[in-house]
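Inspection log for the structure reproduced underneath, given as structure tokens.
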Amino acid sequence: MALGLLWLGLVLLGALQTHAQDSTPNLIPAPPLLLVPVEPVFQEQLFQGKWYVLGLAGNEFNKEKDSQLKMYTDTFELNEDNSYNVTSALAWDQRCDHWTKIFTPNLHLDQYTLGNIERYTGIQSYTAQVVTTDYNQFAILYFKKVYDNQENIKVILYGRTKELPPVKANFIIFAKFLGLTDEHIIFPIPNDQCIDE
């Protein structure tokens, strides 16, 4: 059922993207959040824990420039108010970087917004939503950030292990329905540093 809804959403996004490209050919527009599919009956408790970032796509990514990006992790910890503390761990310049963001539930179905947004200079809005997940092997999340009046979109393919899940093809198809191309899709280099601590 969840994948059926995902495909329906992708068809709608394809139509929207075609229309948007006709009006702004030099910009990959972000679709309205209401047109991006969401995981039906999202189960916050089951989503907790460590996720490996296995795939990234977005209008800020470039395969040539970002080809050396190492795999990193995001760990989701559910708070009593149903917000998540999301702690990222990344190997960067021979050291481990860790940072935590808070995502709070939005009024819309299964959407989360960046908490304490005033701390992030230039960010006007930052929304995340779970497109699809089975909680045990994979998840695909969509992010839309408005930074200095520019809309940036990002899609993350998460896995509970470092192995690419069978939904890699669905991740690529979803990214392309958003208007992204192969040049905007990267698969971080497998890495043991920092992320297995």
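We're numbering straight along the sequence, starting at 1.
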Between Asp74 and Lys101, does the salt bridge (Lys or Arg N to Asp or Glu O under 4.0 Å) criterion hold? Intermediate values first, please. CA-CA 10 Å; Asp74 285 338; Lys101 293 179 183 169; over 6 Å; no
Are Tyr147 and Tyr126 close enough, and set up right, to give a ring pair (Phe, Tyr, Trp, His ring centres under 6.0 Å), and what steps lead you there? CA-CA 9 Å; Tyr147 178 80; Tyr126 197 140; over 10 Å; no
What's the verdict on side-chain hydrogen bond (donor to acceptor under 3.5 Å, both in side chains) for Tyr52 and Asn191, showing C-alpha distance, side-chain angles and the deciding distance? CA-CA 10 Å; Tyr52 292 92; Asn191 166 47; over 6 Å; no
Go through the steps for Phe174 and Val36 under the test side-chain contact (heavy atoms from CB on, under 4.5 Å), then give the verdict. CA-CA 10 Å; Phe174 179 58; Val36 176; 3.9 Å; yes
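If you chain together hydrophobic residues whose side chains sit under 4.5 Å apart, Phe143 and Ile123 fall into the same group. Using a 4.5 Å cut-off between side-chain heavy atoms of Ile, Leu, Val, Met, Phe, Trp and Tyr, with links allowed through other members, Phe61 and Trp92 fall into the same hydrophobic cluster. Val41 and Tyr142 are members of different hydrophobic clusters when ILVMFWY side chains are connected at heavy-atom separations under 4.5 Å. Taking hydrophobic clusters as Ile, Leu, Val, Met, Phe, Trp and Tyr residues chained together by side-chain heavy-atom distances below 4.5 Å, Phe76 does not share a cluster with Ile102.
Glu39 places no side-chain N or O within 3.5 Å of a backbone atom of Val130 that could act as its donor or acceptor partner. Under a 3.5 Å cut-off, the side chain of Asn59 and the backbone N or O of Ile153 do form a donor-acceptor pair. For the pair Asn116 (side chain) and Arg119 (backbone), a donor-acceptor distance under 3.5 Å is absent. Remark: the backbone N or O of Lys65 is paired with a side-chain donor or acceptor of Asn62 at under 3.5 angstrom.
Rounded to the nearest 0.5 Å, atoms CD (Gln129) and NZ (Lys144) are 10.0 Å apart. Here the CG-CD distance, from Leu78 to Glu44, works out to 6.5 Å after rounding to the nearest 0.5 Å. Interatomic distance, Asn170 CG to Leu157 CG, rounded to the nearest 0.5 Å: 9.5 Å. Note that OG1 of Thr127 is 6.0 Å distant from CD of Gln111, once rounded to the nearest 0.5 Å. Arg160 contributes atom CZ, which lies 7.5 Å from atom CG of Asn136 (distance to the nearest 0.5 angstrom). To the nearest 0.5 Å, atoms CD1 (Ile140) and OG1 (Thr132) are separated by 6.5 Å.
Counting heavy atoms of neighbouring residues, nucleotides and ligands inside a 6.0 Å radius, atom CD of Glu118 exceeds 12 of them. Residue Gln43 qualifies as enclosed at atom CD: its count of foreign heavy atoms under 6.0 Å is above 12.
In this structure, the side chains of Ile28 and His184 come closer than 4.5 Å at one or more pairs of heavy atoms. Looking only at side-chain heavy atoms (C-beta outward), Phe187 and Ile172 come within less than 4.5 Å of each other. Taking the side chain as every heavy atom from C-beta outward, Ser125 and Thr113 never approach each other to under 4.5 Å. Put simply, the side chain of Tyr112 does not reach to within 4.5 Å of the side chain of Asn82, judged on heavy atoms. Using a 4.5 Å heavy-atom cutoff, the side chains of Gln68 and Ile189 are in contact. Considering only heavy atoms from C-beta on, Asn79 stays 4.5 Å or farther from Tyr84 through its side chain. Contact of the Val131 side chain with the Phe171 side chain is not registered, since no non-hydrogen atoms from C-beta on lie closer than 4.5 Å. Put simply, the side chain of Phe103 reaches to within 4.5 Å of the side chain of Leu114, judged on heavy atoms.
For Asp134 against Phe138, the heavy-atom pair with the smallest separation is OD1-N, 3.0 Å. Between Ile185 and Lys63, the shortest heavy-atom distance links the atoms O-CE, 3.2 Å. Residue Leu178 comes nearest to Pro31 through the heavy atom pair CD2-CG, 3.7 Å, listed as atom of the first residue, atom of the second, then distance. Pairing each heavy atom of Tyr135 with each of Thr133, the nearest pair is N-OG1, 2.9 Å. Nearest heavy-atom pair, Cys194 versus Ala89, reported as atom, atom and distance to 0.1 Å: O-CB, 4.1 Å. Shown here for Met71 and Ile195, the closest heavy-atom pair between the two residues is O-CG2, 3.9 Å.
Ring-plane geometry between Trp51 and Tyr158 is classed as tilted, the angle between the planes lying from 30 to 60 degrees on a 0 to 90 degree scale.
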